[in-house]
Amino acid sequence: MVVADIIKLLDAKVISQDIDMNHPVKTVCGSDMMSDVLAFVKQDAVLLTGLNNLQVLRTAEMMDIVCIVFVRGKTPSPEMIEMADELNIYLLGTQYTMFDTCGILYEAGLRGGRKVNE
Amino acid sequence: MNSIHYHYIVDGEDFARAGEASSSLKSKLKQLGLSPDVIRRCSIAIYEGEINMVIHANGGDIDVDIFPEKIVMVLKDTGPGIPDIDLAMQAGWSTAKEDIHDLGFGAGMGLPNMKKSSDEMNIETEIGVGTTVTMVINVTS
Ligand SMILES: Nc1ncnc2c1ncn2[C@@H]1O[C@H](COP(=O)(O)OP(=O)(O)OP(=O)(O)O)[C@@H](O)[C@H]1O
Ligand SMILES: [Mg+2]
């Protein structure tokens, strides 16, 4: 799966200026808790979140997250958009809730990190 | 032995700027050409520690020394100290309140993740004086 597929599946709005539609995406993490993201995210991940502050971007930077999808219609501030562009992290927005966003991507074949104790 | 040294001052008053030291270190480690695994583990460890310095203490200093065989990160704050380190190290244990949760932190996952990400971790703390967390990450070639 690639970024373009995520956009299509989630009927997502592309917030970032420059976006590599063909960047591969392998796993997904959905959370509003950044310390969970820091504990569980795997490679080439998409982050689904309803949290809307600069630490979402810092967390994504630390974890080399490919793209962030803001769920339930949340929109990042201009400062966040600028920072994401600098960090080369793609920002998307969807009107779906967290549950539905996860469900749509799961149904399309994407997975998270299995059980945390495995 | 020669090492590369970096010093960062962490502002305890400004949550929006928390993570700037971690971000800066991460780019330095990339420039030095360290392995992705080492960079990832350092980034997680220092960022969780930096966030703790801002949300639980009043900020402080971070010193990083990069040796050929290891990276040593020392995070020193002048915050309230940690009354029970064993308890604080337990996954899920946190004193953070609603205001911290709203910022996306306070799940009690930081310290266990810092320990997991580093090869050695040591916490020195004194109530009312502050906390110093030292983490060592081995560089395997
Ligand atoms: N530098 C510090 N100074 C004082 N207390 C600290 C410090 N770091 C951690 N603590 C205490 O230890 C507890 C556990 O820390 P930990 O980082 O594991 O979780 P958290 O910061 O509460 O949540 P999370 O890291 O998941 O956002 C904290 O809630 C806090 O009470
Ligand atoms: Mg923490």
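No hydrogens, no waters, no symmetry mates; every other heavy atom, side chains included, goes into these values. Note on naming: letters A, B, ... go to the chains in the order of the sequence lines (proteins, then strands), and numbering restarts at 1 for each one.
Linking ILVMFWY residues whenever their side-chain heavy atoms come closer than 4.5 Å, directly or via other members, places A:Val25 and A:Ile19 in the same cluster. Note on A:Leu92: it does not cluster hydrophobically with A:Ile65, by side-chain heavy-atom contacts below 4.5 Å among ILVMFWY residues. B:Leu29 and B:Ile4 fall within the same hydrophobic cluster, defined by Ile, Leu, Val, Met, Phe, Trp and Tyr side-chain heavy atoms under 4.5 Å apart, directly or through other members. Following chains of ILVMFWY side-chain contacts shorter than 4.5 Å, one can reach A:Met21 starting from A:Tyr90, so the two form part of one hydrophobic cluster. Under the 4.5 Å side-chain heavy-atom criterion for grouping Ile, Leu, Val, Met, Phe, Trp and Tyr, A:Val69 is not connected to A:Ile81 through any hydrophobic cluster.
Atom NZ of B:Lys28 has more than 12 heavy atoms from other residues, nucleotides or ligands within 6.0 Å.
In terms of heavy-atom proximity, B:Ser23 sits nearest to A:Glu61 at OG-OE2, 2.8 Å.
Between the B:Asn113 side chain and the A:Leu38 main chain, a donor and an acceptor come within less than 3.5 Å of each other.
Residue A:Asn52: no heavy atom, backbone or side chain, is found under 4.5 Å from chain B. For A:Asn53, the part lying near chain B is the side chain, with the backbone staying farther off; criterion is any non-hydrogen pair under 4.5 Å. Heavy-atom distances place both the backbone and the side chain of A:Thr59 under 4.5 Å from chain B.
Most heavy-atom pairs under 4.5 Å with chain B: of the set A:Leu51, A:Leu54, A:Leu87, this distinction falls to A:Leu51. Of the residues considered (B:Pro36, B:Gly19, B:Ser117, B:Ala91), B:Gly19 shows the highest number of contacts with chain A, using heavy-atom pairs under 4.5 Å.
For a heavy-atom cut-off of 4.5 Å, chain A lies close to B:His101, B:Asp102, B:Leu103, B:Gly104, B:Phe105, B:Gly106 in residues 96-106 of chain B. Proximity to chain A among residues 38-66 of chain B is limited to B:Arg40, B:Ser43, B:Ile44, B:Tyr47, B:Glu48, B:Ile51, judged by heavy-atom separations below 4.5 angstrom.
Proximity of B:Met109 to A:Met33: side-chain heavy atoms (C-beta onward) are nowhere separated by under 4.5 Å.
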